[in-house]
Structure formats: C-alpha cells, structure tokens
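Notes to accompany the following structure.
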Amino acid sequence: MNPKNTVAKSLLLLAVLVVPLMLNLFGFAFYLDLATRLSILAIAAVGLNLILGYGGMVSFGHAAYLGIGAYAVGIPAHHWLYGGMDMIASTNGFLQIALALFASALFAFLTGLVCLKVKGVYFIMITMAFAQMLYYLLVSISEYGGDDGLVIDTRSEFPLISLDDPVQMFLVSVLSLFLIMWGVRRIARSQFGMVLEGIKGNEARMISLGYNTFRYKLAAYVISGVICGFAGALLGNFTTFISPEMIDWARSGELMFMVILGGVATTMGPLLGAITFIVVEEVLSTITVYWHLPFGLMLIGIVLFVRGGLSSLLERGQKTDD
Amino acid sequence: MDTTLFVIQLLNGVQLGILLFLVASGLTLVFGILDFVNLAHGAVYMLGAFICASLTFLTGSFVLAVILALPIVALAGFLLERFIARPLYERDHLEHVLGTFGAILVIDTLAHLIWGPAGIAIPLPPYLDGQIEIWSGIVVPTFRLTIIAAGLAAAAGLYWLVNFTRLGMLIRAGASNRTMVSALGVDIKTLFSLVFALGAVLAGLAGMLIAPITEASLGMGNNIIITAFVVIIVGGIGSMKGAFYAALFIGLIDTLGRAFLDDIFKLFMSSAAAENSAPALSSMLIYILMALILSMRPQGLFPPKLR
Amino acid sequence: MTELLSIKGLNKSYGGVKATDDLNLSIREGELHAIIGPNGAGKTTLISQLSGNVTPDSGTVHFAGRDITRMSEHKRPHLGMSRTYQITSLIRSMSVLDNLQLAIQAQAGHSFRFWSDVRKRQTVRDRAGSFAKEVGLEDQLHARVDNLAHGEQRRLEVAMALTSNSRLLLLDEPLAGLGGQEAAEMIDLLQSLKGQKTMLLIEHDMDAVFTLADRISVLVYGHIIATDQPEQIRLNVEVQQAYLGEG
C-alpha cells in the first residue's frame with residue numbers, strides 16, 4: 001500500500017471525526033446531525049459491503065435490517081411506557097441493542113436459508129421480496145403505528161453516556177463506524193474473507209475444492225445483517241421515530257448505491273459512498289424538493305459512464321496481496 | 001361465510017392475478033429474452049395509469065383514453081430501452097438494477113411534477129360502472145369483469161403472438177440463441193426494442209385497468225413490482241406459462257388470505273387473537289409461500305426448458 | 001493391485017439422450033487410466049458424475065470401498081479425490097499463491113477464522129509456494145491468475161488438484177488448448193506424478209494418451225466398449241475407427 005494513500009485515508013477519517021465537532025462548536029449544529037446520520041448510514045453500507053463487495057451477493061433488501069434495529073429500540077421503549085410485553089419492555093440500551101442484533105441475525109439466518117440457495121437475479125429479487133414482507137408486516141401491526149410509524153419517547157439508556165446529547169450521539173456513531181470498518185477489514189483479510197473472495201470469484205470451483213460454500217455465505221450474510229441491525233438501532237435513537245418507510249426498497253437501493261458509488265470490496269468505499277450520497281442529497285434538496293430527479297439522472301450517468309465507483313478513481317488496481 | 005362475499009373475493013383474486021400477470025409477463029419476457037432486469041417496469045405501470053387519467057379527462061372517454069395511451073407507453077418503453085437498457089445489456093445484473101433504479105427515481109419525480117402528489121381518480125362510463133348479476137342473487141361490479149376479460153384477452157393475444165407469429169418465433173429463438181437470430185438476418189436491436197415496448201404495453205395496460213378502481217397514484221408502481229417479482233420467482237423466471245399460473249395463484253392467495261384468514265383463525269383461536277394475528281400473517285402469506293416453493297423447487301414451478 | 005474407484009451400471013440421460021449408458025469401470029490404485037472416445041461420447045459427463053457435480057440416474061460409484069454415488073460435491077475432496085476442468089476453472093481475480101492456499105485450506109478443517117491475517121499464515125503460504133514450484137510457477141506467485149499465460153493456468157489447475165492429499169486425480173483434458181512446448185511441459189508434469197497418484201485422464205491427444213497411460217478405456221455413446229493395455233487398444237482402436245470413422 002502506498003504511504004501517500006494511507007495519509008490521505010487517515011486525514012479523511014480525522015476529518016469525519018473532527019470537522020462536524022468544530023462546526024458544532026461554531027454554532028452549526030445542523031452539520032453535526034448530518035454527520036451523525038452519515039456515520040450511521042455508513043455503518044450500514046459497511047455491513048452491506050461485506051456481502052455485496054467481498055462476497056458478490058447483491059442484496060436489495062438490506063434496509064430491512066435498519067428497520068429491525070430501529071424497531072428493536074422503539075418497541076421495548078413503547079412497552080416500557082405503555083405496558084405490555086414485560087419481557088422486553090425496557091429502555092436499557094444494552095438490552096435493546098442485544099435485541100436488535102439478535103433479531104437481525106435471526107431474520108438474516110431464516111431468509112438466508114432460502115435466498116442463498118439461488119443466485120444472480122433470483123437473489124436480488126428475493127432479498128427485495130423479504131424486505132417487502134417485513135414492510136407489510138410492520139404496516140399491518142397497528143399497535144406499533146402501522147403505516148404512520150411510532151415516536152420513540154425515550155432513547156436507549158446507557159451508563160455514563162447520554163444519547164440525548166447530540167455530541168455524544170455523534171461520537172457513539174462515528175466511533176462505532178470506525179470500529180466496524182476496522183472489524184470488517186480484518187474479516188475481509190482473514191481466512192474466512194479469503195473463502196468469501198474465492199466464492200465471489202468462482203463458486204463452482206470452491207465447491208469442487210471441498211468448500212461447503214453455502215455455510216460460508218450464510219455466515220457472511222448473518223454478520224452483514226447484524227451490522228446493519230446495529231446501524232438501525234443507532235438510527236432509531238437518532239431520529240427517535242420509526243416507521244415501515246425505513247424498509248422501503250428505495251432505502252435499500254440507496255444503501256446499495258453508497259456501496260457501489262464508493263467502490264465495492266474496499267475499506268474506505270462505503271464511507272466515501274455515504275459521504276457522497278449525503279452531500280449530493282443535501283445539496284440537491286436545498287435547490288429543489290424534486291431532488292430525486294437530478295439524483296436519478298446522476299445515478300444513471302454513473303452506471304452508464306463510471307465503473308468501479310469513486311474509490312476506483314482514488315486507488316486504481318488496489319490489491320491486498322501480501 | 002356467505003356465498004356472495006366469497007364469489008366477489010374470488011373474482012377480486014382473479015382480477016389481481018390477471019393484473020399481476022400483465023405486469024409479470026413483461027418482466028419475464030424482457031428477462032428471458034434480453035437477460036435484463038428491469039426494476040423500472042413498475043414505473044411504466046404507473047405511467048400507464050396517469051396517462052390514461054389525463055387522456056380520459058381530455059377525451060371524455062375512458063375506453064378511447066386506453067386506446068390512445070397504449071402507443072404512448074410503448075414509446076416510453078422504447079425510450080427506456082434505447083437510453084438505459086441497451087447500453088447495459090453486456091454489463092452484469094447489478095448494473096441493470098442500479099441503472100433502472102435511477103430510472104424509477106426520474107420517472108416517479110417527473111410524474112410527481114406533472115400530475116402532482118395526490119392520486120387521480122378516473123371516472124368510468126356508465127356502461128362499465130354498473131353491477132351485473134352473474135348468478136341468482138350474486139351481483140358483481142361490471143368493471144371487475146371487464147378487467148378480467150380485457151386481461152385474459154391480452155394474455156391470449158400474447159400467447160398467440162409468441163407461439164404463432166414470425167415475431168414470436170424470433171422471440172423464442174432469441175431467448176435461446178441470440179447469435180442464431182442475428183444470423184437469420186434479423187436486426188436484433190430492433191427485436192429487443194420491440195420486446196421492451198411490448199412489455200411496457202402490457203404493464204401500462206395493467207395500470208390503466210386498475211386506475212379506475214384505485215386511482216392513479218405515485219407509489220402504485222413500486223408496490224406491484226415486488227409482487228410481480230414474487231410471481232416470476234414462483235413461476236420460474238423467463239417462463240410465460242409459469243408467470244400465468246403463478247400470477248393467478250398469488251392473486252388468489254393474497255386476496256383470499258386478506259379476506260378470510262381471520263375467519264379461518266377464529267376456528268381454532270380466540271377471536272381477539274385471530275384479529276391480531278390474521279392481518280400480520282396475511283400480509284406475509286405470499287412471501288412465505290414463495291419461500292416454501294423455492295426451498296422445494298429453486299427454479300420455480302415452471303422453469304423454462306432452455307437457459 | 002487393489003481397486004480404488006469402482007463404477008457399476010452407471011446411467012445418465014438428458015432428455016432422451018443417454019450421456020452415460022450402463023457404464024462399468026474399475027480404476028486400480030496407482031495406475032494412470034485414460035479414457036478416450038469421440039466427441040460427445042460422454043467423457044465430461046462421466047467426470048462430472050464422479051466429482052459429484054452431476055447426479056447419476058442409476059448405478060453406483062464406490063471410492064476406496066465407500067459408496068459415494070450421491071455424496072455432495074463439496075464432501076468428496078475430503079475423501080481424497082480432486083478434479084481439474086477441461087475449461088480452466090480458477091479464481092481468476094486472485095493470485096497464484098491465493099488459489100493454492102485456498103486449495104490447501106479446503107482440506108485442513110473449517111475456514112471459519114475471522115480475525116488473523118490469512119496471508120500471514122507462513123506455513124501454509126510456504127506449502128502453497130512449494131506446490132507452485134512443483135509445476136514451475138515459482139516466479140509467478142503473486143501474479144493474478146488473469147495475467148497468466150494459458151499453459152501456466154493449466155499447470156496451476158493441476159497444482160491445485162495436487163495440494164490435497166488426493167489419492168485420485170480426475171483430469172479432464174489437461175492438454176486442451178496447449179501449444180507444443182506447453183503441452184510437452186504438461187506431459188512431463190503428468191509423467192512425474194505417475195506412481196504417486198492414481199489418475200483418471202480424459203484426453204484427446206492420442207500421442208499423450210499412449211505415452212502416459214497404463215490402461216485405456218474406450219468410451220462410445222456413454223458406454224465403455226473396451227478396456228486394455230495401450231498396445232492392445234491401439235490395435236483395437238483401429239478396428240473401432242473402421243466402424244466409427246473417428247479416433
């Protein structure tokens with residue numbers, strides 16, 4: 001790896017951490033919120049990148065895990081306030097996050113059993129369909145607001161940390177992001193990651209070498225879901241509002257676009273993609289409420305004319321061999 | 001439960017199934033022949049509804065509006081093929097998905113700009129708006145029957161087109177062997193454009209048929225496209241026959257599930273519990289069925305013979 | 001000599017076409033057994049059934065006395081059989097060393113190790129390197145497979161089959177598409193493996209087959225019509241050519 005690149009990346013990470021805090025200090029609290037949202041979406045993108053980038057599994061339903069994570073914060077908080085479901089009624093952050101991770105893992109495991117049996121387009125469509133299933137399920141449960149969603153009255157409670165403080169909320173999000181980026185980087189370079197890369201490259205060959213590829217894919221799928229579920233728990237705390245709309249397939253599409261925009265199978269890619277997405281969304285939506293129009297045109301343009309995403313522009317021919 | 005209600009729900013299920021088939025057949029046609037994943041197919045369905053709405057107010061006749069709107073959605077399909085799909089054929093499915101996802105955002109926003117955020121109701125002519133007695137004492141809306149008849153006619157036309165015309169022969173040949181079709185001296189690009197436009201017409205027609213019942217609205221395309229995906233997954237991607245049976249099956253299961261699942265649940269649980277759990281389960285029913293069918297037959301119920 | 005692989009009454013049809021028709025074959029431990037036959041005789045279909053990629057309609061396959069007819073593909077390498085492909089099948093986006101390392105690790109327990117850097121596992125790295133050396137790729141360890149010459153890819157393919165402690169190698173046309181010099185290197189490589197491994201060789205190059213093989217079976221329309229020493233088959237083949245107009 002070339003040292004100039006390492007410096008550039010370190011500076012970028014430092015900027016993501018420091019710039020929002022500085023701006024907040026000078027009274028631009030809005031940018032702190034933006035950076036918190038960015039960090040949370042970037043975590044989800046990092047999670048998606050594990051299967052999409054490193055494993056070649058194109059999931060179009062990963063917003064489902066954002067929803068699961070957020071509802072895992074909202075539902076216990078709701079019952080804590082209004083009674084019922086004593087087993088999970090709580091505002092304890094550790095319990096809520098554990099619930100978010102467990103529920104995401106379970107959903108990923110069960111749906112993974114089905115969708116990982118198939119490949120290519122089937123996989124794209126089925127991940128989409130399962131996310132939509134969850135969407136309709138949440139719409140149908142009137143106790144949690146159905147279509148309209150639910151306001152989370154109390155954020156997750158932790159000792160020493162208060163998520164009600166925007167600076168602490170930001171720090172928790174951005175430090176989680178860094179930690180998860182580092183973790184996924186380790187996984188990508190581990191023996192497991194190597195198998196995943198092999199499956200992406202030539203699954204039939206991996207099978208004939210003796211790998212039970214299904215199990216490895218399932219494990220990656222579950223880890224990816226759990227990471228996105230964690231992002232969802234943060235998102236619920238950040239927006240203090242949950243609704244089925246979080247699972248809408250447009251959200252999954254945006255997530256996917258971040259990963260691809262930033263460059264798949266790279267450590268910095270998802271972060272770069274999330275930054276680009278947030279900046280473009282912010283700039284365009286201040287110009288016009290119809291910002292989806294230029295955004296859509298931009299997406300089409302990128303697909304048609306730029307291949308490999310932004311990261312590929314930064315580091316062409318990166319390869320982590322030795 | 002009473003017979004009238006059951007018959008009406010049955011008809012609703014068939015009607016949903018027919019509409020699903022119109023949307024899914026275009027998807028499966030484009031995928032089977034062009035190997036292209038078109039997420040924006042639902043957006044064409046929505047466009048059909050809106051264009052038909054505008055034309056109904058312009059011409060004063062719903063039927064005339066449908067006839068005029070069909071070539072317009074065909075043109076939309078043609079443009080979609082020319083500017084987004086065609087450059088992406090040689091790329092992988094991921095890029096198809098992203099490119100057409102961009103197209104959805106563009107089309108949805110344009111529709112928003114042109115027709116506004118609210119839905120548009122389409123008035124029906126009196127001869128379609130009434131009710132009809134199909135059996136002694138069983139009265140159903142005329143327009144529901146019209147939708148079923150029109151949808152079946154379109155399905156029959158499609159069957160004839162694919163199986164008994166030169167275009168259909170080329171389509172079938174193109175699905176299994178592109179180079180061979182090129183070798184026959186057929187301009188493969190034109191063929192692909194035609195297939196895309198045909199798919200757009202079918203989806204657009206479905207949108208026009210449903211609009212008088214539900215209104216033309218912005219989210220309608222994105223709702224039906226995923227159900228259409230479920231249909232072609234269950235039916236076997238690329239298979240027309242599979243799309244037809246799966247569409248009817250999914251349409252009936254979804255409709256009857258939503259209508260009667262609580263009654264069925266009440267047979268073996270308290271009515272409060274039934275009323276709580278039935279909506280949740282019925283909303284997931286088709287997806288659960290899809291999962292079950294896939295785990296037994298990963299290629300769907302009627303996988304196409306080739307590919 | 002003991003029997004390592006035993007195929008009895010194997011059948012496989014596609015549509016109405018019998019790709020494998022009541023096929024019986026016995027491979028002895030330590031021999032290089034070649035299968036020849038005209039195009040479309042069902043040679044690759046046979047290999048695919050042995051490797052588990054295709055399930056036979058009927059019949060049995062025993063490997064080292066164990067019935068493996070319906071065993072999953074990914075389990076068979078662990079018993080000691082590995083295959084190469086007629087059309088090179090490698091992980092093209094990865095390096096030579098990575099490909100070999102994956103092949104080695106496939107044999108050594110599970111790969112659910114999520115944390116330590118796999119490319120710093122020096123012992124495995126070294127072993128992978130020694131296999132590369134065995135097939136003359138020691139100068140290309142870090143090259144992406146994409147960038148290798150065709151002959152080098154073919155040799156890597158064989159090296160990957162060698163990494164497992166396989167007793168049986170299923171070689172599907174290892175010479176396919178190789179030029180004179182490259183083909184000669186491959187023949188030398190196979191020659192050097194003789195005696196160490198049992199090999200089932202499918203090959204169109206008759207010179208290579210008659211140089212290398214201990215025994216030869218002739219496959220026609222999915223059925224073995226003769227199995228014998230090369231000299232006998234040579235005579236026999238001429239008879240066959242008279243009937244089939246093909247070699």
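A note on names: the letters A, B, ... follow the listed sequences, proteins ahead of strands, and every chain is numbered from 1.
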The interface call for B:I84 against chain A, heavy-atom contacts under 4.5 Å, is both
Which of A:T266, A:L48, A:L50 passes side chain to side chain contact (heavy atoms under 4.5 Å, CB included) with A:V259? It is A:L48
Looking only at B:I288, B:I232, B:T100, B:L113, most heavy-atom pairs under 4.5 Å shared with chain A are made by B:L113
Query - Distance flag, aromatic centroids of B:F31 and B:H93, threshold under 6.0 Å - result: yes
Taking the ring centre of each residue, are B:H41 and B:F36 less than 6.0 Å apart?
no
Practice problem: Taking only Lys NZ, Arg NE, NH1 and NH2, and the carboxylate oxygens of Asp or Glu, determine whether A:E197 and A:K200 approach each other closer than 4.0 Å. | Solution: no
Among A:M133, A:M128, A:Q132, the residue with the most heavy-atom pairs under 4.5 Å to chain B is A:M133
Has A:F241 got more than 12 heavy atoms of other residues, nucleotides or ligands less than 6.0 Å from its CZ? yes
Under 4.5 Å to a heavy atom of chain A? For B:I226 that would be side chain
Under 4.5 Å to a heavy atom of chain B? For A:F60 that would be side chain
Among B:H112, B:M290, B:Q299, the residue with the most heavy-atom pairs under 4.5 Å to chain A is B:H112
Okay, B:I104 and chain A: the region with an atom under 4.5 Å from a heavy atom over there is side chain
Turns out that what part of A:L137 lies under 4.5 Å from chain B's heavy atoms comes down to both
Applying a strict 4.5 Å limit to non-hydrogen atoms, the region of B:I225 in contact with chain A is side chain
Output for pair (B:F244 CZ, B:T28 OG1), nearest 0.5 Å, gives 14.0 Å
Most contact-rich option vs chain A, by heavy-atom pairs under 4.5 angstrom, among B:V97, B:I107, B:L281, is B:V97
Greatest number of non-hydrogen atom pairs under 4.5 angstrom with chain B, of A:L299, A:V114, A:V121, falls to A:V121
Exercise for review: Would you indicate whether A:R215, at its atom CZ, is surrounded by more than 12 heavy atoms from other residues, nucleotides or ligands within a distance under 6.0 Å?
Suggested key: no
Of the listed A:G301, A:A250, A:A131, A:G120, the one with the largest count of heavy-atom pairs under 4.5 Å with chain B is A:A250
| query | Do the ring centers of A:F295 and A:F277 come within less than 6.0 Å of each other? | reply | yes
Whatever's closer than 4.5 Å to a heavy atom in chain B on A:I126 counts as both
Bottom line for B:V230: the part with an atom under 4.5 Å from chain A's heavy atoms is side chain
Turns out that what part of B:I233 lies under 4.5 Å from chain A's heavy atoms comes down to both
Cut-off 4.5 Å, heavy atoms of chain B, and the answer for A:V58 is side chain
* Atom OH of B:Y245: over 12 foreign heavy atoms under 6.0 Å -> no
TODO: Kindly state whether the ring of A:F107 and the ring of A:Y65 have centres lying under 6.0 angstrom apart.
DONE: yes
Counting heavy-atom pairs under 4.5 Å with chain A, the top scorer among B:D108, B:N223, B:L285, B:L292 is B:N223
_Could you check whether B:K189 pairs with B:E81 (Lys NZ or Arg NE/NH1/NH2 to Asp/Glu carboxylate O, under 4.0 Å)?_
no
